[in-house]
Number of protein chains: 2
Amino acid sequence: MSNSSVVELPVLNQPDGAVAPCCPPLNERPLTAEEAERTAKMFKALGDPIRLRLFSAVASHEGGEACVCDISDVGVSQPTVSHHLKKLKDAGLLSSERRGTWVYYRVEPSVLVAMGQLLTTAAR
Amino acid sequence: MSNSSVVELPVLNQPDGAVAPCCPPLNERPLTAEEAERTAKMFKALGDPIRLRLFSAVASHEGGEACVCDISDVGVSQPTVSHHLKKLKDAGLLSSERRGTWVYYRVEPSVLVAMGQLLTTAAR
DNA sequence: CAAGGATATCGACAAACGTCGAAGCAGAAG
DNA sequence: CTTCTGCTTCGACGTTTGTCGATATCCTTG
């Protein structure tokens with residue numbers, strides 16, 4: 001149980017391995033309730049300072065992945081770090097894999113791209 | 001009191017009227033605690049489905065602004081709509097202006113751009 | 001198999017959040 | 001001045017969230 005298939009957030013994985021953003025840019029048209037529900041989970045996951053630092057630490061780490069031990073110096077207890085990493089994982093922003101003693105978290109580059117597209121101003 | 005100077009989020013308004021993103025792309029380097037604190041407020045504001053729909057409704061509305069009456073059909077009471085709009089305003093994502101009977105909310109295009117830059121994959 | 005380090009889960013608790021109805025305020029219209 | 005409409009503020013309430021210490025799990029090492 002490492003790379004458990006990301007379900008609905010924040011990109012839709014295509015059968016051919018490509019990714020498509022789940023929703024149009026925010027200024028293209030009003031999001032539907034369902035789109036907003038899915039997308040909000042993503043923003044919510046990044047809406048906590050500790051989680052944002054953890055996410056940024058993973059995203060900026062060499063190879064786009066980091067061991068928990070590399071990034072857990074954020075001023076909260078170890079269980080809290082674990083809790084936040086789980087939330088990021090549940091939101092589909094990170095995946096994790098155990099290698100020996102350590103657990104590595106990684107961010108899919110496509111996630112960053114898709115999230116950026118959401119916020120990139122549509123041609124108007 | 002309409003366009004009250006946006007203080008710290010999510011972009012830093014330059015004296016010459018230009019804007020700079022408040023923080024580097026999330027995968028450039030780990031955010032500092034202060035950067036994360038500021039940026040998380042922005043994400044948090046978009047981390048609620050109702051707020052996201054309101055924001056999207058304003059952002060996609062003609063001219064980048066909308067009257068409250070144009071966008072308040074999101075399934076919650078009118079005071080709740082007002083409460084969420086206030087949160088988006090406090091987060092620096094929207095500004096408001098009263099014109100006669102109606103209050104108009106608007107989103108600064110630079111905000112969308114700056115937020116997109118946060119999430120756009122840095123060259124690595 | 002025993003010991004130890006790394007991470008996850010559990011249970012509890014205070015603080016923050018989303019929601020509503022009621023009441024208040026500001027312009028427009030009579 | 002009074003009434004009406006659009007919006008905000010207030011006060012209350014149940015739910016969710018972030019945090020911790022204690023405990024459990026997984027894996028390596030001796």
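Fair warning: this is a prediction, and the values are worked out from it, not measured in the lab. Chain letters run A, B, ... following the sequence lines, proteins first, then strands; residues in each count from 1.
- Taking atom CG on Asp73(A) and atom P on dA6(C), their separation rounds to 14 Å, with Å as the unit.
- We find that OH of Tyr104(B) is positioned 15 Å from P of dG27(C), with the value rounded to whole Å.
- Neither OP1 nor OP2 of dT17(D) sits under 4.0 Å from any side-chain N or O of Lys44(B).
- Here the shortest heavy-atom pairing between Phe43(B) and Leu46(A) reads CB-O, 3.5 Å.
- The side chain to side chain contact (heavy atoms under 4.5 Å, CB included) search around Ser77(B) returns Pro79(B), Thr80(B), not counting sequence neighbours.
- Counting to the nearest Å, the P atom of dT16(D) and the CD1 atom of Ile50(B) are 15 Å from each other.
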Protein-nucleotides 20-23 of chain D N/O pairs closer than 3.5 Å?
{"unit_1": "dC20(D)", "atom_1": "OP2", "unit_2": "Ser77(A)", "atom_2": "N", "d": "2.8"}
{"unit_1": "dC20(D)", "atom_1": "OP2", "unit_2": "Ser77(A)", "atom_2": "OG", "d": "2.9"}
{"unit_1": "dC20(D)", "atom_1": "OP2", "unit_2": "Thr80(A)", "atom_2": "OG1", "d": "2.8"}

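- Looking only at distances, a side-chain donor or acceptor of Arg98(B) sits under 3.5 Å from a matching main-chain atom of Gly100(B).
- Residue pairs meeting the salt bridge (charged side-chain N to carboxylate O under 4.0 Å, His left out) criterion with at least one partner in residues 79-88 of chain B, sequence neighbours excluded, are Lys86(B)-Asp90(B).
- What separates NE2 of His84(A) from P of dG18(D) is a distance of 6 Å, to the nearest Å.
- Summarising the geometry, the separation between NZ on Lys89(A) and C1' on dT7(C) is reported as 11 Å, rounded to the nearest angstrom.
- The NZ-P distance, from Lys87(A) to dT9(C), rounds to 14 Å in whole Å.
- Among the heavy atoms of the strands lying under 4.0 Å from Tyr105(B) are primed sugar atoms or P, OP1, OP2 only; no base atom is included.
- Whole-Å rounding puts the Arg98(A) CZ to dT9(C) C1' distance at 13 Å.
- Side-chain contact check for Glu28(A) versus Ser60(B): every heavy-atom pair is 4.5 Å or farther apart.
- The only option from Val107(A), Asp48(A), Leu94(A), Val58(A) that meets the side chain to side chain contact (heavy atoms under 4.5 Å, CB included) definition with Leu88(A) turns out to be Leu94(A).
- Under the side chain to side chain contact (heavy atoms under 4.5 Å, CB included) criterion, Cys67(B) pairs with Cys69(B), Asp70(B), Trp102(B), Tyr104(B), not counting sequence neighbours.
- Atom pair Trp102(A):CH2 and dT7(C):C1' shows a separation of 12 Å (rounding to whole Å applied).
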Yes or no on side chain to side chain contact (heavy atoms under 4.5 Å, CB included) for Ile71(A) and Leu85(A), after CA distance, side-chain angles and deciding distance? CA-CA 11 Å; Ile71(A) 59 175; Leu85(A) 287 172; 4.2 Å; yes

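- Residue Lys86(B) places none of its side-chain N or O atoms closer than 4.0 Å to OP1 or OP2 of dC7(D).
- Within the structure, a side-chain polar atom (N or O) of Arg51(B) is placed less than 4.0 Å from OP1 or OP2 of dG18(C).
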Between side-chain atoms of residues 49-57 of chain B and protein atoms elsewhere (two or more places apart, or another chain), which donor-acceptor pairs fall under 3.5 Å?
{"unit_1": "Arg51(B)", "atom_1": "NE", "unit_2": "Ala45(B)", "atom_2": "O", "d": "2.7"}
{"unit_1": "Arg51(B)", "atom_1": "NH1", "unit_2": "His84(B)", "atom_2": "ND1", "d": "3.1"}
{"unit_1": "Arg51(B)", "atom_1": "NH2", "unit_2": "Lys44(B)", "atom_2": "O", "d": "3.4"}
{"unit_1": "Ser56(B)", "atom_1": "OG", "unit_2": "Leu26(A)", "atom_2": "O", "d": "2.9"}
{"unit_1": "Ser56(B)", "atom_1": "OG", "unit_2": "Arg29(A)", "atom_2": "O", "d": "2.9"}
{"unit_1": "Ser56(B)", "atom_1": "OG", "unit_2": "Leu31(A)", "atom_2": "N", "d": "3.1"}

Between the protein and nucleotides 28-30 of chain D, list the N/O to N/O atom pairs that are separated by less than 3.5 angstrom.
none

